[in-house]
Structure formats: structure tokens, C-alpha cells
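What follows is one structure encoded as C-alpha cells, with my remarks underneath.
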Amino acid sequence: MEADAVVLLEKGDNKVPPTWIRPGAAVIRKLLKYQFQILTFLTFYLQNVVCSSSRLLQEQQYRPWRLRSLKLNPLTPVPSDIEISRAQTPKAVTQLAEEIGLLPEELEAYGRSKAKVRLSLLDRLQSQPDGNYVLVAGITPTPLGEGKSTVTIGLVQALSAHLKLNSFACLRQPSQGPTFGVKGGAAGGGYAQVIPMEEFNLHLTGDIHAITAANNLVAAAIDARMLHEATQTDKALYKRLVPSINGVRKFSPIQISRLQRLGIEKTNPESLSPQEVSSFVRLDLDPNKITWQRVVDTNDRFLRKITTGQASTEKGQMREVRDILVIGSDMRNRLARMVVGTSRSGRPVTAEDLGVSGALAVLMKDAIKPTLMQTLEGTPVFVHAGPFANIAHGNSSVLADKLALKLVGQDGFVVTEAGFGADIGMEKFFNIKCRASGLQPNVVVLVATVRALKMHGGGPSVSAGAPLPKEYIEENLDLVAGGCHSNLRKQIQIAQLTDTEAEVALVCQIARECGAADAVPCYHWAEGGLGSVELAKAVKEAASKPSHFNFLYDVEIPIVEKIRTIAQKVYGAHDIELSAEAEAKIDYYNQQGFGSLPICMAKTHLSLSHMPEKKGAPTGFVLPIRDVRASIGAGFIYPLVGTDFELGLVLGASVRPVCKI
């Protein structure tokens, strides 16, 4: 059974049962007089087996990169982003994949310029050491943003195209909501972009559409189940849920799992008592406690509050619901555990209770794989997942990071970005994403624009679409220094980019005084990777030194204490204030066993506090927590901060100087 080849010498009554021979082994039947030729044949055969095995082993091992960068010819003045993107011809994605050591069978091409990468890569490279893990975050931004995506892309272009080091960017997939709104796309900007820009910003490989379909399938299943439970008897429901097929009734694995959660240890559908049948078929969802919402990937404000079930066929089952953006939804993994609402008896109802978890997995089977693209200079990029940094953690997927860390090799770099300011995206990266993945960052790059520092130093408000006040156009060292000594000092940041040489020099000086390992100006927007070479060198130097990573809080401490820790140590609050509703929700989550989940704060991104108009680094305020909600499938509790929380406009988190900056 272990032989690659079996020689049967035809002598006498020599019969070997087929069951003795391993499937796929070569069986050779020869007469005894040809034994010399047989031995010669076996020698060549075994040599071929050894050579084939050696080739297979080599294919399974790590492959050194042979990356060919694309040449950039930056123009002055810098053209529009779309003009720059269309002027560059990307490499075929199959060529890029070969250059970075991917096998042909690990790639699923979607046209010429993008492809899905199969997760089998993790198995092939499981013994390969990880590369260096770099996070890009920013100070509290202006409404115009701080350019974290541009820094991320400029940095990997500098590392790979100019310093000849393996590097990978891992980014979130943009939502069509911001893309068609004031903010625009998320492909970077200037000469630091992911290309093709249109494909990156619109649809990509359809992941968000798959999430939309899966999410709305759950919403439809909830309403359908409530209708059927309201209009049918236990017997009729049981007949529909466990139909007789060819005279035989049988529970599905999902149904057996539900029975076990109900404490019913039976597998024969005919053996359930009437009371057990009733418990099994009735989820008894409370219409006022359904937490699952329908989603759409555009900002359609008239769907924020709607009434469903108005048709006569729905038999009066009307309820008020709201629509949210897809990437704010809870659906990424752990599908069966997702809580969709609460029964009238106070029991959480999950997607598995609805019986749809298998269907969700089928709809998400391709979305689970990261998409491979490239920068303007031909360096690789993984695009995967797209959560906002408010009610979600604002980071790209763990899977993309893990795949990239294996591909770059031990001396390579994986650069990923955290959404909004460091008090939000970076804190959640540390305390939610790293806690779930087991990965630890080696370096944090904190981005600061002179424009934002002036705002935090006392400059006038900045509005998207409106002309910048003169304070942001003319040199003003006092405003810059004020921003550095407040928001920059609070968030321990590397300041980069913009305005006069004196302002940039002042930012770099104060950043180092605040504890940054280094601070360098970057010009990747105008020059591509060449403009971030000094940043790349600083990151390489920082990564060569030991780092000390610690979580901000222990997940086992009470929910209230976790919230208080973030509010005080990150935002600078004196204390927190819980509404009666928030206190009730916390008690409920503790009763249901969710008290050990990490915290994902939802507050404004325009201030360290809950008050958008408070710039710099405010202190001494009381942080109001008006509600507390849970994303059990995603694995966190998210408190809603302030009284004017509006989805898509506010968000929250905490940050801690635990990495080299």
C-alpha cells in the first residue's frame, strides 16, 4: 500500500488482490526472464518519481520575488488623479502574480488587471516567517482627510520600486457611498495610486455586492419568518421546516444545532413532543428588538427610515426599519453567530436560528478571498473588506494581511491603513484586529498635514467644497506649533507633507520632541515612490529595532470599565456618563455572555472628544454614552457616543503609544 510501483512477475499462480495496491501506483506485469530490463525500467521510473517529487517540493516552497517596477514620469503641475491613472498601463495581473511568487493555481483572474488569490496560499507558505507589519494612521483629520491612503501607497512604491525591498499594501475596498459623495474614491491620489482607479473604486470583483445580497437575504428571512409564525400553526410550520421527502423526515445539521441550543437532544423528527415542536419552530422575534437592517451601497438618504410590509399580502406585518451602507454592516465572518434580534422572552436570535447560515456562506464564497491589484509603479496591493471606522473597526481584512506577510518574506514589509484618526482606526487596529489575528505591528506611521495642525492650533473651521481660509494658505508658525503641542503630542505622530519649508521643519522638530522615532516630509503625491524614499528608510530603520506591543485593556474586565479606559486614556475624558438605555443594554449583554468582547467606540472623527467643534487635545470633559449595541458575528460591542450620533458621520476609538512611531 506504500509502494509507488509494483512489479508482478508472471510465474505460476501469482495473484495479488487489487486492494493490496495503493491507488495511483504503477503496476508492471513482466515475465521472469526479463528481470534485467525490469530493473533498468524501475531505475528510470524511480528517478522520475524523485525528480517529480523534488519539483513539486520546490513549487511548494517560498519563491523569491522578481518584481519589475513600472516607470513614472511625474508632470508639473500634477494632473488630475484620473488622468494620471489612465496614463499608466498596468502589468497583466498574471505577470504580477508570477513576479511575487504566486502559483498559477492560486490565482483567479477577473479580467486583465485584478484577480482573487486563493487561501490555499496560507497552507503552502505556513512555515514561511512573516515580514514586517506596518500601520499607517493619522491625527484627528479635517473634513478633507489626511491622506493616509496616499501615504500607504507612496510608502510601498518607495520600498519596492526604489529601495528594492519586498512590500505589499493592504487596503479596504471603497464604498460607492463616499465615492459618489464629497469624499470621493479611496485609490490614493496624485502619483501614489492603485490602478486602474475606476476598477478599484467601482464594483472591483463584486465583494460588496455579495455582502449586500447576503445581508439582505437575512433581512428577508427575518420578515418572512415573522409573517409565517404570525399566520400559521405549529404543525404547519413544522411541516414546512422539516418536510417529508419520499416519505422520510430528516433534520438538517443547522436544525440539529438549533435543537441542541434549545436543550433538545433528539435527532428523530417524529419523536418531538408538541411543546418541543413549538419551541423549535417559533423564534418569536420581538419586532421592536430586531437589530438587523437592510443595506445598500449608495448614500440614499430617503431609505434611512422606511416602513416595510405595507402590501396586502403581508397581512398587516408592518414595521419601521432603516437602511444603512453595506460596509457599515456586521457581515464578514462568523456567519452563524450573528445576532439578528431578540425574542419576546429575551433570548438572542441568530442567523443560524433562521436557518440561513449555509446560504450566506455560499453567497460569500468568493468574497472571502482578497483581490490582487497594483500601484502606479507596479508594486502589489491586496484590496479586501471595507468596514467604516465607526460601528466597525475601519481596517482591511486579517486574511489579506496574513497572505501578504507570507509573500513578502522575512525581510519584507506589509503596509496597511487604519481608518480616520489614530484615536479611532488605530486603537481598533490594536485592540480588536490584532487581538483577533494574533499579529503585532512593528512600526506605526502617523500622518499629519500642516493644514490639520493649523486647525488644531486654533485655525478657523474647514469645510469640504469651500475655499480654504487665508490661515491655511499663508505661513503661520504659531498655529502649526499649537497643533503640534496639542493634537500631535496627544497622538504621538510623524508629521508629513505640505506648506512652507519653515512649517514642515517645525512639525518635524516637535514630532521628534513628542517621542517619534523620526519625522520626515513626504512628496509622494507629486513624485510617486521617489518622494517617500526618506520615509521608507525611516520605516526600515524603525522596524530593525525592538518594539513593545500591549493591549490597552483586558477584555475580561467589565464592559463599563473598558469604555472608561478608552475614554480616559485615549480621548482625555475625565469620566463617562451612561444613559439608562446604555446601562440596560450592558446588563443584557452581560447576561447573554457577551461581556468579554472588545469595545468598538462610535463617536465623531473630527475631535478627540464627542464634540466635533473641540479641536486640539481637549481634557476634563465627561463622555456621554447614549446607547450600547453589539456585533456578535464580528465580535465586538459598540457604544454610541454623544447625542447627535448619525451613521456615516461619527465614529470612535482609542489609541496608545505602544509601537515605534
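Computed from heavy atoms alone, side chains included, the values below leave out hydrogens, waters and symmetry copies.
How far CG of Asp554 is from NZ of Lys562: 8.0 Å, rounded to the nearest 0.5 Å. Rounded to the nearest 0.5 Å, atoms CD1 (Ile424) and CG (Leu608) are 8.5 Å apart. Interatomic distance, Phe429 CZ to Leu439 CG, rounded to the nearest 0.5 Å: 7.5 Å. Distance check: Gln126 CD to Leu121 CG gives 11.0 Å after rounding to the nearest 0.5 Å. Atom OG1 of Thr416 is separated from atom CZ of Phe168 by 12.0 Å, given to the nearest 0.5 angstrom. Taking CG of Leu597 as the start and CD1 of Ile432 as the end, the distance is 9.5 Å to the nearest 0.5 Å.
Residues Ser127 and Tyr62 have side chains not in contact (no heavy-atom distance under 4.5 Å, counting atoms from C-beta outward). For the pair Pro598 and Phe551, the minimum side-chain heavy-atom distance is 4.5 Å or more. Counting heavy atoms from C-beta outward, Asn166 and Asp411 have side chains that stay 4.5 Å or more apart. Contact of the Ser80 side chain with the Ile82 side chain is registered, since non-hydrogen atoms from C-beta on lie closer than 4.5 Å. Considering only heavy atoms from C-beta on, Asn132 stays 4.5 Å or farther from Lys540 through its side chain. At least one side-chain heavy atom of Val414 sits less than 4.5 Å from a side-chain heavy atom of Cys170. Contact check for Pro370 versus Leu119: side-chain heavy atoms found under the 4.5 Å cut-off. You'll find the side chain of Leu107 reaches within 4.5 Å of the side chain of Val117, heavy atoms only.
Counting only distance, with no hydrogens or angles, the side chain of Gln374 and the backbone of Leu96 share no donor-acceptor pair below 3.5 Å. Formation of a donor-acceptor pair under 3.5 Å by the Lys406 side chain with backbone atoms of Gln128 is found in this model. Under the 3.5 Å distance criterion, the side-chain polar atoms of Lys114 are left unmatched by any main-chain donor or acceptor of Thr205. In this structure, Ser160 contributes its side chain and Ser167 its backbone to a donor-acceptor pair below 3.5 Å. The backbone N or O of Gly529 lies less than 3.5 Å from a partner atom in the side chain of Glu377, making a donor-acceptor pair. Between the side chain of Tyr553 and the main chain of Ile599, a donor-acceptor pair closer than 3.5 Å is present. Looking only at distances, no side-chain donor or acceptor of Thr150 sits under 3.5 Å from a matching main-chain atom of Ala192. The main-chain N or O of Leu407 is found under 3.5 Å from a side-chain atom of Trp65 such that the two form a donor-acceptor pair. A donor-acceptor contact shorter than 3.5 Å is absent between the side chain of Arg337 and the backbone of Gly635. Looking only at distances, a side-chain donor or acceptor of Ser397 sits under 3.5 Å from a matching main-chain atom of Ala400.
The heavy-atom pair separating Lys148 from Ala137 by the smallest distance is CD-C, 3.5 Å. Contact record, Cys484 with Ile510: CB-CG2, 3.4 Å, taken as the closest heavy-atom pair. Leu70 approaches Thr89 most closely through the heavy-atom pair CD1-O, 3.7 Å. Between Ala169 and Thr152 the shortest heavy-atom distance is CB-CG2, 4.2 Å. Between Thr379 and Ala161 the shortest heavy-atom distance is CG2-N, 4.2 Å. For the residue pair Tyr191 and Leu72, the shortest heavy atom distance occurs at O-CD1, 3.8 Å.
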Audit row: Gln157, Ser69, side chain to side chain contact (heavy atoms under 4.5 Å, CB included) steps and yes/no:
CA-CA 9 Å; Gln157 289 181 177; Ser69 59; over 6 Å; no

For Met197 and Ile84, run side chain to side chain contact (heavy atoms under 4.5 Å, CB included): C-alpha distance rounded to whole Å, both residues' side-chain angles, the deciding distance at 0.1 Å, then the answer.
CA-CA 9 Å; Met197 174 185 170; Ile84 293 172; over 6 Å; no

Are Ser396 and Glu417 close enough, and set up right, to give a side chain to side chain contact (heavy atoms under 4.5 Å, CB included), and what steps lead you there?
CA-CA 8 Å; Ser396 61; Glu417 172 204 347; over 6 Å; no

Test side chain to side chain contact (heavy atoms under 4.5 Å, CB included) applied to Leu159 and Val415, step by step
CA-CA 10 Å; Leu159 286 166; Val415 184; 4.3 Å; yes

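Taking the side chain to side chain contact (heavy atoms under 4.5 Å, CB included) definition, one finds that Val398 meets it with Lys402, Lys433, Ser437, sequence neighbours left out.
Using a cutoff of 4.0 Å between basic side-chain nitrogens and carboxylate oxygens, Lys545 and Glu541 are scored as salt-bridged. Salt bridge annotation for Glu198-Arg86: present, with a cationic side-chain nitrogen under 4.0 angstrom from a carboxylate oxygen.
Below 30°, between 30° and 60°, or above 60°: for His209 and His203 the angle between ring planes is between 30° and 60°, a tilted geometry.
By the 6.0 Å and 45° rule, Arg172 does not stack over the aromatic ring of Phe420.
For the 3.5 Å distance criterion, the side chains of Asp401 and Tyr133 qualify, holding a donor opposite an acceptor.
Other residues, nucleotides and ligands contribute at most 12 non-hydrogen atoms within 6.0 Å of the CD atom of Glu98.
Checking Arg63, Arg124, Lys116, Arg118 one by one against Glu106, the salt bridge (charged side-chain N to carboxylate O under 4.0 Å, His left out) holds for a single residue, Arg124.
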